[in-house]
Every structure is written in structure tokens, then in C-alpha cells.
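Everything numeric here is computed off the predicted structure, so don't read it as measured data.
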Amino acid sequence: MSKIFCIGETLIDFIPVQKEKSLKEVAGFERVAGGAPMNVAIAAAKYGCEAVMLTKMANDHFGDHIMDVLQKANVNTSYIVRSDEGETGLAFVSVDGFGERTFNFYRQNAADLRFSEEEIDGEWFSGEDFLHFCSVDLVDSPMKIAHKKAIKEMKKKGGIISFDPNVRLPLWPDKESCRKAILEFLPLSHIVKISDEELSFITGIEDEESGIKALFTGDVKVVVYTKGKHGASIHFKNGEAYEGKGFKVTVADTTGAGDAFIGGFLSELSQHEITSENLIEQVRAHHEELLTFANASGALTASVKGAIQSAPGKEHVLRFIETRKTEA
């Protein structure tokens with residue numbers, strides 16, 4: 001059975017109790033375990049996959065809470081390194097009236113940034129596995145080097161590399177540092193998931209079609225382009241593309257919706273015999289089910305508050321899809 005390895009940050013999101021308030025106006029917060037790679041791992045586990053979290057986690061109370069959340073979601077935590085050095089990162093999230101977010105991060109001494117290449121074992125991986133990562137932990141740190149080691153070892157085995165830039169500019173010294181790191185890792189990926197809000201920033205190209213084309217560099221074989229309520233599309237280097245319609249829901253909080261989308265996409269893809277050699281053919285053959293499931297997963301997650309607890313189970317997603325087909 002394929003494993004979906006997710007490498008990167010785990011942290012605590014503090015979600016405001018009061019809706020439609022700026023951070024300076026919020027009086028109370030709800031604690032929610034988060035971090036994009038962790039959200040993807042939990043989504044994949046809820047969809048029936050063997051999901052594995054790769055990170056270093058602080059030996060503090062917040063770290064204990066995150067471990068509990070991961071284990072309750074059936075994510076494999078046996079590869080996580082616990083450490084007395086560093087702390088659990090914190091993110092304070094403000095949600096406006098449209099469900100969109102702004103962030104304040106406290107991660108200068110985050111334990112996950114100390115995860116080192118020596119703590120990666122290439123024997124963990126096989127040619128049937130996936131490795132998914134984002135950009136938050138690509139700042140200059142041991143964790144950045146650990147990403148390169150994990151990618152190298154997964155590629156040796158013939159597995160699939162998935163990258164969601166998941167741009168969070170407040171965590172970077174400046175915009176160009178963020179963009180440079182993303183462009184450094186982009187060519188190492190087989191699948192790139194990118195949002196309409198991120199495309200022009202990363203590529204420097206305003207035209208959508210030209211921007212997507214520019215993403216096909218290095219080993220990139222598939223680009224998954226997400227457009228919020230307008231759905232998503234799959235693109236190949238030869239210009240071939242497939243569209244998937246979005247699902248209309250009442251948005252409560254977009255936190256984790258993109259993670260649920262790619263978690264759903266990868267989990268459905270992992271149900272087929274995928275290798276880096278047949279990736280394009282398999283995505284082409286199953287594009288409709290991949291986009292439908294991923295779009296439904298993201299929509300359902302956006303319809304409720306909070307990232308982790310809002311990730312729906314597979315049966316919930318399938319029922320939602322069937323209901324919408326009936327309504328149509």
C-alpha cells in the first residue's frame with residue numbers, strides 16, 4: 001500500500017472566537033493544531049491512506065497536543081523526532097467576513113526548523129510512495145536541507161514528489177526570499193499544486209496560461225491549479241488541460257481548505273499504481289475523479305471553522321458529491 005509522507009511544520013493555530021474582526025480587535029481565540037503538511041497528512045489519513053508525518057516536535061504541552069491530534073486521526077507519528085530544543089510554533093489567524101485569513105506567526109525558535117538531514121533514512125521510502133511538502137519550512141535552516149535529503153531519497157526509489165508552495169509571506173524576511181526558495185524547489189517536484197492567488201507572485205507572469213506553462217521546469221509533470229469556488233484544473237506540459245467545477249458552499253473559514261484539496265487529490269491518486277514514470281498517464285486517465293473528490297474535499301473543509309477538525313471523512317465527501325449530482 002502506498003504511503004503519503006508529509007514533511008514540514010506542525011504548529012498551533014489560534015482562531016479568533018469573534019468573527020470578522022482584525023487581530024487587534026479579537027479578545028479570545030480557540031486553539032487548533034495546524035500546519036499545512038500536517039493538515040494534508042490528516043486529510044489523507046481520513047480518506048483511508050497510510051499517512052506519515054516527518055518533522056521534529058518540541059517536548060512541550062502544545063507538542064503533546066499536536067501528537068494527540070495526529071494519532072487520533074490515524075497519522076503515523078513513529079517517524080517524528082521529539083526534542084527539548086526549540087518550541088512549538090504559533091500562528092494567530094484572523095478571518096474576515098469572506099472567510100479569508102491574515103496571519104501573525106511566532107516561529108523564530110520552532111522545533112521543526114531543527115529537523116536535520118541526518119534524521120532522514122532513505123530506507124523509509126518505496127517507489128509506490130508520495131512525499132508532499134510546502135514552502136513554510138524552506139527558510140534557511142536544517143529543515144530545508146532535510147527536505148532536499150528526503151526528496152533525493154524518495155526519487156531514488158521512484159516515488160512521487162508533490163509540492164504546494166502555500167505562500168505565507170509574513171514568515172520571510174522579504175517577498176523575494178520566499179519566491180527564490182519556491183523556485184529552488186519547484187524543479188524538484190513531479191506534482192505542483194498552486195492557487196490562482198499565488199501564480200503571478202511565483203512566476204512573475206500575469207497571464208494565467210503563460211504563468212502555468214512557466215511552472216513546467218525540471219521534473220514537473222503535472223500542475224494542479226486551484227481557483228477557490230471556481231474549482232480547479234489539471235495541466236500538462238504539452239498544453240493539455242482538464243477542468244473540474246467547484247462546489248458552492250457557505251464559507252465559514254478557508255483555513256486548511258487547500259490542504260484538504262491536495263490531501264484528497266493525493267489520496268485518490270494513491271489508489272492507483274502510480275510511479276514517477278506513469279504519472280502523466282494515470283492522472284490523465286483519472287482526472288475527473290481526482291478533481292471531483294479534491295474539489296469536494298476543499299469545499300467541505302471551507303464550510304466549517306478550523307483546519308484539522310473540519311477535514312471530512314471519505315464517506316462524507318462521497319455522499320456530498322452524490323447529493324450535488326442529484327441536485328444538479
Side-chain angles (χ1 to χ4, degrees), residues 1-13 31-91 105-126 129-139 141-154 157 159 161-164 166 171 256 259 262-263 266-267 270 307-309 311:
M1 182 178 179
S2 298
K3 296 185 182 72
I4 297 178
F5 289 86
C6 297
I7 184 171
E9 76 278 4
T10 61
L11 49 81
I12 297 291
D13 287 326
R31 178 196 63 180
V32 179
M38 174 179 170
N39 292 344
V40 174
I42 288 177
K46 286 194 173 187
Y47 300 145
C49 297
E50 184 174 354
V52 183
M53 191 68 211
L54 300 180
T55 194
K56 180 170 282 188
M57 194 177 294
N59 272 322
D60 58 20
H61 294 298
F62 286 139
D64 294 341
H65 172 66
I66 293 171
M67 287 291 285
D68 288 345
V69 170
L70 284 166
Q71 290 165 0
K72 286 177 182 176
N74 295 317
V75 174
N76 185 336
T77 60
S78 63
Y79 299 76
I80 292 175
V81 179
R82 299 299 298 271
S83 175
D84 292 326
E85 295 184 26
E87 304 157 350
T88 300
L90 307 179
F105 290 97
Y106 298 86
R107 282 180 39 82
Q108 291 85 351
N109 195 36
D112 53 87
L113 294 174
R114 300 171 184 262
F115 193 45
S116 69
E117 62 178 325
E118 290 79 19
E119 291 163 318
I120 299 284
D121 186 347
E123 294 305 308
W124 295 343
F125 310 126
S126 79
D129 295 337
F130 294 73
L131 176 69
H132 178 74
F133 69 103
C134 304
S135 72
V136 164
D137 266 5
L138 299 184
V139 294
S141 66
M143 177 57 109
K144 179 179 180 179
I145 307 304
H147 274 68
K148 290 184 176 180
K149 171 79 176 291
I151 291 168
K152 179 181 177 181
E153 295 297 332
M154 181 63 85
K157 298 296 176 67
I161 310 300
S162 167
F163 181 30
D164 176 2
N166 194 45
L171 286 169
D259 305 326
I262 191 62
L266 295 178
S267 68
S270 73
I308 298 304
Q309 63 265 42

Chemist: Do the side chain of Asp164 and the main chain of Asp259 share a donor and acceptor less than 3.5 angstrom apart?
Modeler: no
Chemist: Walk me through it: do Asn59 and Arg82 pass the test side chain to side chain contact (heavy atoms under 4.5 Å, CB included)?
Modeler: CA-CA 6 Å; Asn59 272 322; Arg82 299 299 298 271; 3.5 Å; yes
Chemist: Considering only NZ, NE, NH1 and NH2 on the basic side and carboxylate oxygens on the acidic side, decide whether Asp137 and Arg107 come within less than 4.0 Å.
Modeler: yes
Chemist: Taking atom CZ of Phe125 and atom CD1 of Ile120, what is their separation to the nearest 0.5 Å?
Modeler: 5.5 Å
Chemist: Using modelled atom types and a 3.5 Å cut-off, is there a donor and acceptor pairing between side-chain atoms of Ser83 and backbone atoms of Glu85?
Modeler: yes
Chemist: Could you tell me the separation between the NZ atom of Lys144 and the CZ atom of Phe133, rounded to the nearest 0.5 Å?
Modeler: 11.0 Å
Chemist: Is there a side-chain contact between Ile7 and Ile151, using heavy atoms and a 4.5 Å cut-off?
Modeler: no
Chemist: Under the side chain to side chain contact (heavy atoms under 4.5 Å, CB included) rule, what do Asp129 and Lys157 come out as? Steps first, then yes or no, please.
Modeler: CA-CA 9 Å; Asp129 295 337; Lys157 298 296 176 67; over 6 Å; no
Chemist: Consider only side-chain N and O atoms of Glu118 and Ser116, and report whether a donor and an acceptor are under 3.5 Å apart.
Modeler: yes
Chemist: Quick one: side-chain hydrogen bond (donor to acceptor under 3.5 Å, both in side chains) partners of Ser141, sequence neighbours excluded?
Modeler: none
Chemist: Considering non-hydrogen atoms only, spot the tightest contact between Ser270 and Phe130 and give its length.
Modeler: CB-CE1, 3.6 Å
Chemist: To check you understand the geometry: which heavy-atom pair defines the closest contact between Gly86 and Ala58, and what is its length?
Modeler: O-CB, 3.7 Å
Chemist: Between Lys149 and Gly122 (side chain of the first, backbone of the second, donor and acceptor by atom type, cut-off under 3.5 Å), is there such a pair?
Modeler: no
Chemist: I need the Met38 CE to Met57 CE distance, nearest 0.5 Å.
Modeler: 6.5 Å
Chemist: Just by modelled atom types, is the Asp13 backbone N or O under 3.5 Å from a matching donor or acceptor in the Arg31 side chain?
Modeler: no
Chemist: How far apart are the closest heavy atoms of Gly89 and Leu11, and which atoms are they?
Modeler: O-CB, 3.2 Å
Chemist: Taking Thr10 for its side chain and Gly35 for its backbone only, find out whether a donor-acceptor pair lies under 3.5 Å.
Modeler: no
Chemist: Please enumerate all residues that pass ring pair (Phe, Tyr, Trp, His ring centres under 6.0 Å) together with Tyr79, with sequence neighbours excluded.
Modeler: Phe5, Trp124
Chemist: To the nearest 0.5 Å, what is the distance between CG (Leu131) and CD1 (Ile161)?
Modeler: 4.5 Å
Chemist: Shortest non-hydrogen contact from Ser135 to Phe163?
Modeler: N-CE1, 4.1 Å
Chemist: Please report the shortest heavy-atom distance between Val75 and Ala45, naming the atom on each side.
Modeler: CG2-CB, 3.9 Å
Chemist: Keeping Asp112 on the side-chain end and Gly8 on the backbone end, is there a donor-acceptor pair under 3.5 Å?
Modeler: no
Chemist: Would you confirm whether His147, through its side chain, and Met143, through its main-chain N or O, come within 3.5 Å as a donor-acceptor pair?
Modeler: yes
Chemist: Between atom CD of Glu9 and atom CG of Leu138, what is the distance when rounded to the nearest 0.5 Å?
Modeler: 9.0 Å
Chemist: Please test Arg114 against Asn109 for side chain to side chain contact (heavy atoms under 4.5 Å, CB included), starting from the C-alpha separation and ending with a verdict.
Modeler: CA-CA 9 Å; Arg114 300 171 184 262; Asn109 195 36; 2.7 Å; yes
Chemist: Give me the atom names and distance for the closest heavy-atom approach of Leu113 to Pro142.
Modeler: O-CD, 3.2 Å
